[in-house]
Structure formats: C-alpha cells, structure tokens
*Asks:* 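Before I ask anything, here is the structure I am working with.
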Amino acid sequence: MPTNVGDHRQPRVYVYDLASKVQTEKTSVIMNASADDASRLKRTLGLRAGGTHQGVVLLAGPALGQTVNMFAFDTATGDYLGSANFTKYGNIRHFLVAGDVLYAGVGVGANGRDGGYMLRWAGDRTNPFNFVEVGKLPAQIADLTEHDGRVFVSTWSAATGGSLAARSTARTGWGRPGVTPADEPNPAVAGVWMSPPLADGAPGLTEEDTVGWKQVWSAASYEPDPVIAGTYGLGALMSYQGYLYWGTMHVPMKSTSVVADLYPPADETAARTMLENTQRPVSIFRGKRFDTDREKVELLYGERVLPAYDPTANEGAGAWKWTPTGYKPKYGHSGFGNVYTNYTWTMAVAGGRLFVGTMDWSYLAKDLLPEAARQMGFANAARGLSDDLDPIEIDPELYGGDLYVFESSLRPATAVDTKGMGNYLNYGFRTMVADGSTLYLGMANPMNLRTDPTDDVPEGGWELIKLTPTGH
C-alpha cells in the first residue's frame, strides 16, 4: 500500500437479517473468490455506495489509482457474483432506483476535477457490472433522488475534496428569483442539476439524455464570498410533499485553507479574523417548479448575511464585510443553530416524515482547530483560540451527530437526537434506509482507538441502529 494511505484497513461486508436479527460477515467470501477479487477489496478505500435492483446487490467505492471498485451479490441466495474495477471513474457515493431503473452518480479524476457521469444499470445476475452513461456533468455527482418525474443530483466542486481549484470562482446569481444558470456552468461551484423527464422516449434515462441535463441552483447564488463558494459541497437531497430539499456540506477548515492560500493573513489579528469568517455550518434549502418559469427556492436554515472578503478594501489591504446572501431563512440559522454541524449527510422519508442526518465535528474541533491553525502557519492566531495550542474548550453537550425531522412541509424541523444516538463518538449519520416508518441508521464513527469497554468513554467503530419512531 502507498504510504499516503496511512493506517488503511480494507472494507468489510455484512448481511443483517431483519427477521432473525442475525448478522453475517461476507468479507471472506470476496477474499476467497480469486486473487483479483481479494486485491480489489484491499485496494478499495471505502464501500460508500450501496444499491439493489432485480435480485442484485451492488456495493461500490473509490479505490487506489482514482478508480472505482464494485462488488455484487445475489439477493435471493446470498451468493457472491464477482467484482469489477472501473478505470474511467474515480468516485461514487450513491445509487437510486427511479421508475424501475437503477442509477448511480460518479466522479472522474482526483476529487472529481474532470467532471461526473450519471450511470444507468443495464446488468443482471449473469452480468452485474454493465452500465450505460445517461448524463454528463462538469462536476462530480454526490447524491441523487427522483422528484417530479426527473432525477435531481447534487454535486461537489473539485476544491471541496482537496484541491485549490476554486480560487478563481466567479460570482453568479444562479437560483435567485428571475435568474437562471449560465450556458456554461462553472464546475468549481457545487450545484443542483435536473435530468430530462424520465417519461420522454424510452422508459428512464438513455444515452440520448447525456447532454440534456440542466443546472437549476448553485451554491454561488447564496454564498457571497466567491472563493468560499468554491469550497462548498452539496449533500443529501430528497423529494418531500411537493418540494425538493437539499443541504450543503463543508469540509472542516477547507475554506480557511483556500482563502489563506489566496490571501495570506498579514498578522495575528488578520489570521484570527480569517478563521472566524471562513467557517460555514450547513444550510438547508428547498425548491419546486424547476422546469417552469415559476421556479421557487427557499432558504430554510441559513443566514441573511455572511462575511465576504474584499481584497480591494482599505487601499488594497483587504477587509471582511457582512454581505447579503439574497435569502431570508424561513426557520432558523445555519447548522440548525449548531456552528459545528458541517455535513448534510443523508435524508430519508419514513412514515410520512422527512429525516435529515448530519455530521457534527465538535468532538474533533477541540483538537483539529489548533492543529489546523498550526499547519497553516496561524500559530499565534491559534493561541488566540487556545493557550499554547491546547485543545480548545467545547461544550461536551455538543458532541455527537445530529438527526432532525420535518413532520410536514409546513413546519420547521425538530431534533430527534443530537448526541450520536447514544454514542457521542458517532459524529454523523452517514446513511439511512427507510422501511415504512422505521429507519436503519448507518453511523459514522472513525474513533477506532476507543476500544476499552471498562472506561467512561463510549466505543469507536461504526454502528447500525434501528430507529422506530413513537406515536406513528
């Protein structure tokens, strides 16, 4: 394994029987199938996408070499059907069944810098890795859902994941009333894209639909700082009671590092101000009528003004200015009121309610903020946050991922749980599967060294949780 992968552990595969409540590991089945299968699993960085259709389960994830690995199982027998490596694609996050067709969104190149594709599954049990490209976008696809007879997807910019490609991002008015995206959307800005109608021509999306996609919203329509706008990602999106809901994603300290690279702070005060003004919690939006001239987009949780950097202010010395976003939040502030809520990781409709699972990095921030400041040369600014770069003081009541629910489209969200569902080391809700009113929650928990069952700290490692709401 290359050294930059670090302390890598290969993914593992499990089956959980809902009736017997028995968990069975399938990892050895893959490892023993062939040398190629074992090698693909070892080189997979994470099985982050899962889909099932017509008797086949597909598990997929990014792999070394900026490729995608995929593994297939038979849903009836549990038999392993094989694996494949897709050299053209570099990332995959989600599958979607829409109109009895299975789709997947992928990225191309490092951090999706070369765009993305929508794939339609054309396989079966005998050939489970047959896909057709039915959409081509200038940015990698993050999540996808069906809404009003179309597929809508969210995208990440290349800068969201790790590069500094967003530095030249241009300000646009996309998503504002009466303003539509430019003919050539800027791939450096995350956005929401709409497919052609699924009912046009042959059932579902086909190769003829590859160039028929339209961007209907951009993060630059909300974020007033063009450099920070280029560091946004968009996460989960879901159709609910006539609206399309979606939320933003913000890699901790990414926007700070990008702005600092372009505009190095002159002194301790400027560095501390930059730290304070470049961080963004999640914002939650919804919209409808995207295929008409009566398109409507609302900000549910976010800000009326945000700090934006003007490098020409103060005779070229630069200054941060509170700048209107063009939106008025309907229900509340960014992050549902928590500044450490940074990912809109997943959404699901269960029992007639819309659930929103987020990531909360407060447990990490006490250590990461000073360390990130040190790495960016902000040592003095970091001391302004914490003496001698010790971990900063954060209320432990904030620790743990947050789960919210919209009881209807007419009411604000309420908190289901804000402490990682009983384990504050669960810093996020990575995925959710609905079964009627029941939800199965896949938790994100990378604190793998927390293994002592006798101490007063909960254990690390991912958890699968069954949530049965009461009163429904």
Side-chain angles (χ1 to χ4, degrees), residues 1-6 8-11 36-37 39-51 58-72 82-96 102-123 128-144 151 153-166 169 185-193 207 210-211 213 215 230-236 249 251 254 258 343 345 430-431 444:
M1 302 292 290
T3 57
N4 67 334
V5 175
H8 174 75
R9 288 167 175 80
Q10 71 181 40
D36 286 342
D37 290 280
S39 176
R40 287 184 184 123
L41 189 62
K42 289 179 180 179
R43 295 174 63 83
T44 302
L45 300 177
L47 290 173
R48 70 190 329 176
L58 294 170
L59 303 175
L64 293 175
Q66 297 167 11
T67 63
V68 165
N69 284 339
M70 199 172 298
F71 305 85
S83 65
N85 174 251
F86 296 81
T87 58
K88 182 175 181 178
Y89 313 123
N91 202 359
I92 183 171
R93 288 187 173 89
H94 292 281
F95 288 91
L96 168 72
L102 178 68
Y103 300 97
V106 297
V108 181
N111 297 314
R113 67 186 178 193
D114 298 321
Y117 287 93
M118 174 67 82
L119 306 181
R120 173 177 176 154
W121 188 58
F129 307 111
N130 185 17
F131 289 87
V132 177
E133 293 174 354
V134 295
K136 184 178 182 180
L137 280 65
Q140 63 176 319
I141 296 175
D143 206 346
L144 55 166
V151 174
V153 306
S154 58
T155 66
W156 276 44
S157 70
T160 309
S163 75
L164 302 183
T169 300
N186 188 343
V189 181
V192 176
W193 291 73
E207 293 175 274
T210 302
V211 296
W213 291 68
Q215 188 174 25
T231 68
Y232 274 54
L234 293 188
M249 301 184 77
V251 177
K254 169 56 64 176
V258 173
Y343 279 5
W345 235 341
R430 185 62 182 83
T431 189

*Asks:* Any sub-3.5 Å donor-acceptor pair from N130's side-chain atoms to A122's backbone N or O?
*Replies:* yes
*Asks:* Hey, could you give me the CZ/CG distance between R48 and L59, rounded to the nearest 0.5 Å?
*Replies:* 14.0 Å
*Asks:* Is any side-chain heavy atom of P138 closer than 4.5 Å to one of W193?
*Replies:* yes
*Asks:* Enter the distance from T155:OG1 to D143:CG here, rounded to the nearest 0.5 Å.
*Replies:* 11.5 Å
*Asks:* Partners of K136 by salt bridge (charged side-chain N to carboxylate O under 4.0 Å, His left out), sequence neighbours excluded?
*Replies:* none
*Asks:* Quick check for you: to the nearest 0.5 Å, what is the distance between I92 atom CD1 and Y117 atom OH?
*Replies:* 14.5 Å
*Asks:* How far does CZ of R40 sit from CG of N69, to the nearest 0.5 angstrom?
*Replies:* 7.0 Å
*Asks:* Could you state the interatomic distance from CE (M249) to OH (Y232), rounded to the nearest 0.5 Å?
*Replies:* 13.5 Å
*Asks:* Shortest non-hydrogen contact from G50 to F95?
*Replies:* C-CD1, 3.4 Å
*Asks:* On a heavy-atom basis, which atom in D114 and which in G109 lie closest, and how many Å separate them?
*Replies:* OD2-CA, 3.7 Å
*Asks:* State which residues pass salt bridge (charged side-chain N to carboxylate O under 4.0 Å, His left out) with E133; sequence neighbours excluded, sorted by chain then number.
*Replies:* K88
*Asks:* Taking the side chain as every heavy atom from C-beta outward, state whether M118 and L144 have any atom pair closer than 4.5 Å.
*Replies:* yes
*Asks:* Can you tell if the side chain of V106 reaches within under 4.5 Å of the side chain of L119, non-hydrogen atoms only?
*Replies:* yes
*Asks:* Is a side-chain N or O of S154 found less than 3.5 angstrom from the main chain of V192, in a donor-acceptor match?
*Replies:* no
*Asks:* Mind checking the OG1-CH2 spacing from T231 to W156? Nearest 0.5 Å is all I need.
*Replies:* 10.5 Å
*Asks:* Counting distance only, does the side-chain N/O of W213 pair as donor-acceptor with the main-chain N or O of V134 below 3.5 Å?
*Replies:* yes
*Asks:* Decide yes or no for F131 and M70: does some side-chain heavy atom of the first lie under 4.5 Å from some side-chain heavy atom of the second?
*Replies:* yes
*Asks:* Give the minimum heavy-atom separation between P62 and G90, together with the two atoms involved.
*Replies:* CB-O, 3.7 Å
*Asks:* Hey, which of T87, N85, N91 is the one that makes side chain to side chain donor-acceptor pair (under 3.5 Å) with T67?
*Replies:* N85
*Asks:* Looking only at heavy atoms, which two atoms of A72 and L58 are closest? And how far apart?
*Replies:* CB-CD2, 3.7 Å
*Asks:* Going by the rule side chain to side chain donor-acceptor pair (under 3.5 Å), which residues pair with R120 if we only count those two or more places apart in sequence or in a different chain?
*Replies:* none
*Asks:* Taking the side chain as everything from C-beta on, heavy atoms only, tell me whether R93 gets closer than 4.5 Å to Q140.
*Replies:* yes
*Asks:* Side chains of T44 and Q10: closer than 4.5 Å at any heavy-atom pair?
*Replies:* no
*Asks:* When you compare the side chain of W121 with that of V132, does any pair of heavy atoms fall below 4.5 Å?
*Replies:* no
*Asks:* Please report the closest heavy-atom contact between F71 and D37, naming both atoms and the distance.
*Replies:* CE2-O, 4.1 Å
*Asks:* What pair of heavy atoms forms the shortest contact from G230 to S157, and how long is it?
*Replies:* O-OG, 2.6 Å
*Asks:* Would you say the side chain of L96 lies within less than 4.5 Å of the side chain of L102, judging by non-hydrogen atoms?
*Replies:* no
